[in-house]
Amino acid sequence: MTSCVFCKIVAWETPSQRVYEDDSYIAFLDINPINFGHTLIIPRKHYANVDEAPEEEVANLMKLAKKIGPAVVRAVDADAYNIGVNNGRAAGQLVDHVHLHVIPRNEGDGLKAWLGRGRYPEGEMGATAKKIKEVLEKQ
């Protein structure tokens with residue numbers, strides 16, 4: 001994909017600070033990090049999002065996150081890390097190339113991963129679960 005910035009990183013057409021690479025995947029520092037050490041993991045092959053990527057690709061991204069996350073924590077002296085995926089514009093995906101975020105975290109860093117909307121109104125939680133189950137049963 002000639003317009004995909006991550007594909008340009010794969011092809012060495014755009015600079016990046018790579019921290020890991022193999023024949024199928026690359027990990028590099030995010031240019032707008034939430035915390036220093038914020039790393040993106042991408043497949044070399046282009047898939048717009050999680051839904052388009054084969055299950056094996058998604059599973060391999062998570063396997064790499066298990067390797068890269070602890071390394072990032074040690075390297076930047078963090079306490080922990082988040083793994084995140086933004087799947088679609090409404091979810092915050094800015095680059096249409098499937099990728100995982102590995103975000104180092106420290107106690108008291110002020111970041112809130114899940115703000116929440118509050119509790120479901122009476123009866124809505126069960127109704128929502130039922131709708132999701134119905135869709136899954138039809139797949």
Side-chain angles (χ1 to χ4, degrees):
M1 305 264 337
T2 58
S3 64
C4 173
V5 68
F6 289 174
C7 288
K8 289 180 179 182
I9 288 172
V10 169
W12 290 96
E13 295 171 5
T14 297
S16 65
Q17 291 296 320
R18 297 176 185 213
V19 299
Y20 174 88
E21 62 184 300
D22 62 27
D23 291 341
S24 301
Y25 302 92
I26 299 173
F28 54 92
L29 296 180
D30 192 304
I31 62 170
N32 293 305
I34 290 174
N35 281 329
F36 290 162
H38 180 168
T39 301
L40 304 177
I41 307 170
I42 67 168
R44 288 180 183 270
K45 188 170 180 182
H46 182 88
Y47 306 99
N49 55 45
V50 170
D51 300 334
E52 287 189 12
E55 289 180 12
E56 183 177 347
E57 290 281 15
V58 177
N60 287 337
L61 287 170
M62 189 58 74
K63 286 178 187 176
L64 274 174
K66 282 187 65 171
K67 178 178 184 169
I68 292 168
V72 169
V73 165
R74 285 192 301 277
V76 301
D77 198 27
D79 299 320
Y81 63 99
N82 289 113
I83 299 171
V85 178
N86 302 332
N87 199 55
R89 288 286 181 266
Q93 184 179 7
L94 300 177
V95 178
D96 291 329
H97 188 120
V98 67
H99 57 285
L100 286 186
H101 294 261
V102 175
I103 303 165
R105 300 296 306 275
N106 287 297
E107 288 290 332
D109 65 10
L111 299 174
K112 303 284 187 212
W114 307 111
L115 298 178
R117 294 184 72 134
R119 300 213 177 257
Y120 283 91
E122 183 68 33
E124 283 299 311
M125 189 175 199
T128 300
K130 182 180 177 187
K131 289 177 191 176
I132 294 169
K133 286 178 186 178
E134 288 171 354
V135 171
L136 287 169
E137 289 169 0
K138 292 177 184 175
Q139 290 182 344

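The structure displayed is predicted, hence computed values, not measured ones.
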Q. Is there a side chain to side chain contact (heavy atoms under 4.5 Å, CB included) between Leu40 and His101 once you walk through the steps?
A. CA-CA 5 Å; Leu40 304 177; His101 294 261; 3.2 Å; yes
Q) Between Ile9 and Phe28, does a side chain to side chain contact (heavy atoms under 4.5 Å, CB included) hold up when you go through it step by step? A) CA-CA 9 Å; Ile9 288 172; Phe28 54 92; 3.7 Å; yes
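One hydrophobic cluster, built from ILVMFWY side chains closer than 4.5 Å, holds both Leu100 and Tyr47. A single hydrophobic cluster is not seen to contain both Ile26 and Val50; linkage of ILVMFWY side chains at heavy-atom distances under 4.5 Å, directly or through other members, places them apart. Residues Ile103 and Ile83 are members of separate hydrophobic clusters, defined by side-chain heavy-atom contacts under 4.5 angstrom among Ile, Leu, Val, Met, Phe, Trp and Tyr. Using a 4.5 Å cut-off between side-chain heavy atoms of Ile, Leu, Val, Met, Phe, Trp and Tyr, with links allowed through other members, Met62 and Val98 fall into the same hydrophobic cluster.
Within 6.0 Å of the CG atom in Leu136, the count of heavy atoms belonging to other residues, nucleotides or ligands exceeds 12. The neighbour count for Leu111 CG, taken as heavy atoms of other residues, nucleotides or ligands under 6.0 Å away, is above 12. A 6.0 Å sphere centred on CZ of Arg89 holds more than 12 heavy atoms belonging to other residues, nucleotides or ligands. Surrounding CD of Gln17 are at most 12 heavy atoms belonging to other residues, nucleotides or ligands under 6.0 Å away. Residue Phe36 qualifies as open at atom CZ: its count of foreign heavy atoms under 6.0 Å is 12 or below.
The two residues Pro104 and Ala78 come nearest to each other via the heavy atoms CB-CB, 3.8 Å. Nearest heavy-atom pair across Asp96 and His46 is O-CE1, 2.7 Å.
Residues in residues 20-34 take part in these salt bridge (charged side-chain N to carboxylate O under 4.0 Å, His left out) pairs, two or more places apart or across chains: Arg18-Glu21, Glu21-Arg44.
One finds the NZ atom of Lys138 at 15.0 Å from the NZ atom of Lys133 (value rounded to the nearest 0.5 Å). With rounding to the nearest 0.5 angstrom, the CG atom of Asp79 is 10.0 Å from the CZ atom of Arg105. To the nearest 0.5 Å, atom CD of residue Glu134 and atom CD of residue Glu137 are 7.0 Å apart.
With hydrogens and angles left out, the side-chain atoms of Asn106 and Asn35 include no donor and acceptor closer than 3.5 Å.
Using modelled atom types, no side-chain atom of Glu57 and backbone atom of Glu52 make a donor-acceptor pair closer than 3.5 Å. Glu124 places no side-chain N or O within 3.5 Å of a backbone atom of Tyr120 that could act as its donor or acceptor partner.
In this pair, Phe6 and His99 present their aromatic rings perpendicular. The plane angle is above 60°, beyond the 30 to 60° band.
Counting heavy atoms from C-beta on, the side chains of His97 and Pro43 come closer than 4.5 Å.
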